[in-house]
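Along the sequence shown, residues are numbered consecutively beginning with 1. Counting starts at 1 for both ligands and their atoms, following the listed order.
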Amino acid sequence: MKTILSGVQATGKMHIGNYLGAMKPWVDWQNQGRAFFFIPDLHTLNVRPDAETLRGNIYDTVAWLLAVGIDPRKSTIFVQSRVPAHAELCWILQNYVTMGELNRMTQYKDKSSKRGADGQVVALYTYPVLMAADILLYSADIVPVGEDQKQHVELTRDIATRMNNIYGDCFVVPEPALPQVGARVMSLTTPTIKMSKSDANQNGNIMLADEPKVITKKIKRAVTDSGSTIELSDDKPAIANLLQVYAGFSDMSVPEVANKYAGVGYGTFKTELAELVVEQISQLQMDYEVIRQDKKRLDDVIEEGSQRAAGIAQKKLNGIKQKIGLT
Ligand code: AMP
Ligand code: TRP
């Protein structure tokens, strides 16, 4: 049986890129093997969140996972900081990865190029090593992620292979798995950049918590390309992105959606897209509200999942310590 593992940060606010690119595909993945989904809260410290906000965001994120359909009876849902083995293995792995490798990570390069490398916290730089520890502790075969995280999974493969070569079988070498639709949902206002929570222009993203009328307004105002009718083409990146969003929410493929709307005007397509997205997000929001109120249930899910995860992770860590001579 395959082991599947992925994580979503507790930044509290989830957009449709996180939903289509990550959480929604996880619902299918949990039926295809032994699944682990977790909140990498240690990773989130690199933005130094306010303590009370972080505490609340962890609950929010677990509640979203449950609302979209991750089922704690099928999947292990846990919080990274509750499993001490992550930080410990991260330290060990730092000895098997070079500055050169970390310098090449595009997410780090993007963030540090905006504000200069000298002022960046060390944890932002070593972030991919902690991510490697997250993955390798559970012997994950498959790591479902959006496009932006693929490079980090590739680094994880390199670290695992390197240690396997030195010490013999240490780790399973994982494969990244990108979703068929929604791997890279772009900003609605600037379709050349990916949708993100930190987008300065909040009209560029649709948050799962947005009210229906806000969602409709954002879709109606989304930029379109030249021309006036729907057509799937390389010179229509804005339309391609909207078609992708429609496909993600309707479970159709992008070419199927493009066919359905071939020759239809942008206005009509946007109206129908808005209806589809509003209908689905409204349902998710109703489920979310009920789950988020039930703090006891959330605590139980986190506690049970984290204990199960800790048992597996500690065993793996003990084996590695033995191999490298610490015990
Ligand atoms: P983050 O919000 O950065 O913690 O990302 C959580 C998950 O959502 C990761 O698997 C990302 O690859 C995915 N993700 C983030 N932004 C997007 C986007 N614009 N399109 C598709 N997937 C995304
Ligand atoms: N870095 C990922 C993100 O920002 C979150 C993450 C942390 C993750 N550890 C992971 C994803 C391990 C997959 C596997 O989206």
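When only modelled atom types and interatomic distance are considered, Q283 and E279 share no side-chain donor-acceptor pair under 3.5 Å. Side chains of Q30 and D71: no donor on one and acceptor on the other come within 3.5 Å. Side chains of Y288 and D60: a donor-acceptor N/O pair is present below 3.5 angstrom, by distance only.
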Can you pull every nitrogen or oxygen pair between ligand 1 and the protein closer than 3.5 angstrom?
from, atom 1, to, atom 2, distance (Å)
ligand 1, 2 (O), N18, ND2, 2.9
ligand 1, 2 (O), K197, NZ, 2.8
ligand 1, 4 (O), Q9, N, 3.3
ligand 1, 5 (O), N18, ND2, 3.4
ligand 1, 8 (O), N18, ND2, 3.2
ligand 1, 10 (O), G146, N, 3.3
ligand 1, 12 (O), G146, N, 2.9
ligand 1, 12 (O), D148, OD1, 2.5
ligand 1, 19 (N), V185, O, 2.8
ligand 1, 19 (N), M195, O, 2.9
ligand 1, 20 (N), V185, N, 2.8
ligand 1, 22 (N), G17, O, 3.2

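With sequence neighbours excluded, the residues forming a side-chain contact (heavy atoms from CB on, under 4.5 Å) with R221 are N203, K217, listed by chain and number.
Using a 4.0 Å heavy-atom criterion, the residues that approach ligand 2 are L5, S6, G7, Q9, F38, P40, H43, Y127, M131, D134, I135, V143, V145, Q149.
Between F269 and Y261, the ring-plane angle classifies as perpendicular under the 30° and 60° cut-offs. Taking the six-membered ring where tryptophan is involved, the planes of Y127 and H152 are tilted, since the angle between them lies from 30° to 60°.
Taking hydrophobic clusters as Ile, Leu, Val, Met, Phe, Trp and Tyr residues chained together by side-chain heavy-atom distances below 4.5 Å, L188 does not share a cluster with V214.
A centroid separation of 6.0 Å or more is found between the aromatic rings of Y138 and F38.
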Residues 320-327, side-chain donor-acceptor partners within the protein, below 3.5 Å, at least two apart:
from, atom 1, to, atom 2, distance (Å)
K321, NZ, E88, OE2, 2.7
K323, NZ, D169, O, 3.2
T327, OG1, Q322, N, 3.3

